[in-house]
Amino acid sequence: MFSISEIAEAVQGKIEGDPNLRIKGVCDIQDSQSGYISYILPGKYENYIDNTKATALLTSNSIKVDRKDKTLIRVKNPALSFIDIIHMFYPEKKSCGTIHPSAIIAKNVKLGSKVEIAPHTVIENGVKIGDSVRIGAGSFIGSNSEIGNGSSISPNVSIYHDITIGNNCIIDSGTVIGADGYGLISDKNIHYKIPHIGSVSIGNNVWIGSNCSIDRGTLSNTIIGSGTKLDNLIHIAHNVIIGKNCLMAAQVGIAGSTNIEDNVTLAGQVGIVGHLTIGRGSIVASKAAVYQSLKADSFVSGIPARPHKNRLRQDVIIEQLPDILKRLRKLEKEFSIIKET
């Protein structure tokens, strides 16, 4: 348990209410419990404040609420500060620095301090692993790959040879990094596989969800920039370059040699054909198919992807088509009668 004053100090917040109140943990604003703390944002969840059982609430400096019997902690960004509070009650598990005897580790592997290696892990020659890295059970690390300090590799991850992963990355279970891309040369209806001698380079603070496939480059590297976060079930093809701080939801597919610039957001099931450039800060709505390069700060949707505002106007017109057709047929009928007379 923590007191409100301890929590407020951790998030640099201002208290309204009882600073000595003891808090048992964190809870959702709706699925709430007495003695716990939740949070509200301006314009969101404000209508729950009267009914929530939470004893304390984290909120912004600007929001005006009647706190009644609640204790408030005011901060600049409640959602962001709430992460710190969650960490207080549920601290991240640190590497215990143990290596399970069933792990198979080549002799010339370089291990940093406090590296945790779970059962049945296989680590090949020339691998370099930084400090406080955790590698889950059944994972494979191919020869000459590097994993930076503080990164976490979940169980059953396959990292092929010559892959570089930065500091504080999270790779979730079932993900494959560094398999050959779908590079083929066809001649007389016979398809020949192109050798892929490039690699994959992943920056710092990257999160890659479960069951993702990130192909190695053909000649140069596939690159994922620092701060980028990938959801589950995403495919990144060979030679794709992804910039910094991009967000990609589940089932995104990016074809080869496409350049995704910084701070791009791709919603669920977006597909992007190869050899395009998606300008920095762009947003692609869910299920969109992108066939042309996008300028910076574009917002597109649909198949094929077009500017979202234009598509909304087109949708309005499409909804009116049955009525327009009905009126047109009526006018044709009236014109036909006039013509006959």
Side-chain angles (χ1 to χ4, degrees), residues 41-44 77 79-80 83 164-166 168-172 175 177 181-183 198 200-218 220-318:
L41 299 173
K44 291 185 178 181
N77 187 331
L80 189 61
I83 294 174
T164 302
I165 296 173
N168 302 311
C169 292
I170 300 172
I171 314 295
D172 282 325
T175 283
I177 300 174
Y182 195 61
V200 177
S201 178
I202 297 173
N204 301 323
N205 302 301
V206 172
W207 175 21
I208 299 174
S210 62
N211 296 311
C212 294
S213 293
I214 301 172
D215 295 341
R216 70 189 318 109
T218 311
S220 54
N221 293 344
T222 300
I223 298 172
I224 299 179
S226 294
T228 287
K229 315 296 183 187
L230 273 61
D231 197 358
N232 307 324
L233 298 165
I234 287 175
H235 178 218
I236 308 298
H238 56 217
N239 297 106
V240 168
I241 298 175
I242 298 174
K244 297 178 180 179
N245 301 312
C246 293
L247 298 174
M248 299 185 189
Q251 299 182 353
V252 163
I254 304 174
S257 300
T258 285
N259 182 10
I260 309 292
E261 295 184 345
D262 297 346
N263 300 107
V264 168
T265 298
L266 305 180
Q269 296 187 331
V270 163
I272 301 177
V273 303
H275 301 273
L276 302 184
T277 296
I278 308 302
R280 65 173 60 236
S282 292
I283 298 174
V284 183
S286 59
K287 294 182 179 292
V290 182
Y291 298 116
Q292 296 179 334
S293 294
L294 302 178
K295 296 179 180 179
D297 300 313
S298 296
F299 180 18
V300 299
S301 62
I303 304 174
R306 296 177 183 143
H308 186 62
K309 289 184 179 179
N310 293 350
R311 181 164 294 281
L312 290 177
R313 287 193 290 265
Q314 292 165 4
D315 287 344
V316 171
I317 295 171
I318 290 171

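The basis for the numbers below is simple: all heavy atoms, side chains too, and nothing from hydrogens, waters or symmetry mates.
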inquiry  = Among L247, V284, V290, exactly one meets side-chain contact (heavy atoms from CB on, under 4.5 Å) together with L266. Which residue is that?
reply    = V284

task = Give, for atom CG of L233 and atom CG of N211, the distance between the pair rounded to the nearest 0.5 Å.
result = 5.5 Å

task = Would you give the length of the straight line joining atom CG of N259 to atom CD1 of I254, rounded to the nearest 0.5 angstrom?
result = 10.5 Å

inquiry  = Run the side-chain contact (heavy atoms from CB on, under 4.5 Å) test against C212 and tell me which residues pass, sequence neighbours left out.
reply    = T175, I208, I234

task = Measure the CZ-OG distance between R306 and S298 for me, rounded to the nearest 0.5 Å.
result = 14.5 Å

Separation between CD1 of I224 and CG of N204, rounded to the nearest 0.5 Å = 13.0 Å

inquiry  = Under 3.5 Å, is there a donor on one side chain and an acceptor on the other for S226 and N205?
reply    = no

task = Using atom types as modelled and distance alone, determine if a side-chain donor or acceptor of T164 lies under 3.5 Å from a backbone N or O of S201.
result = no

query = If you measure from the Lys or Arg side-chain nitrogens to the Asp or Glu carboxylate oxygens, is any gap between D262 and K244 under 4.0 Å?
reply = no

inquiry  = Whether the H308 and S301 side chains hold a donor-acceptor pair (N or O, under 3.5 Å, no angle test) is what I'd like checked.
reply    = yes

message = With heavy-atom distances below 4.5 Å as the criterion, would you say the side chains of D231 and Q251 are in contact?
response = no

More than 12 heavy atoms from other groups under 6.0 Å of NZ on K229 = yes

key: Separation of I223 CD1 from N239 CG (nearest 0.5 Å)   = 9.0 Å

Under 3.5 Å donor-acceptor, T258 side chain and V273 backbone = yes

message = I'd like to know if the side chain of R216 and the backbone of G198 have a donor-acceptor N/O pair within less than 3.5 Å.
response = yes

inquiry  = Counting neighbours of CD on Q292 that are heavy atoms of other residues, nucleotides or ligands and sit closer than 6.0 Å, is the number greater than 12?
reply    = no

inquiry  = Main chain of H275, side chain of S257: is a donor-acceptor contact present, judged purely on distance under 3.5 Å?
reply    = no

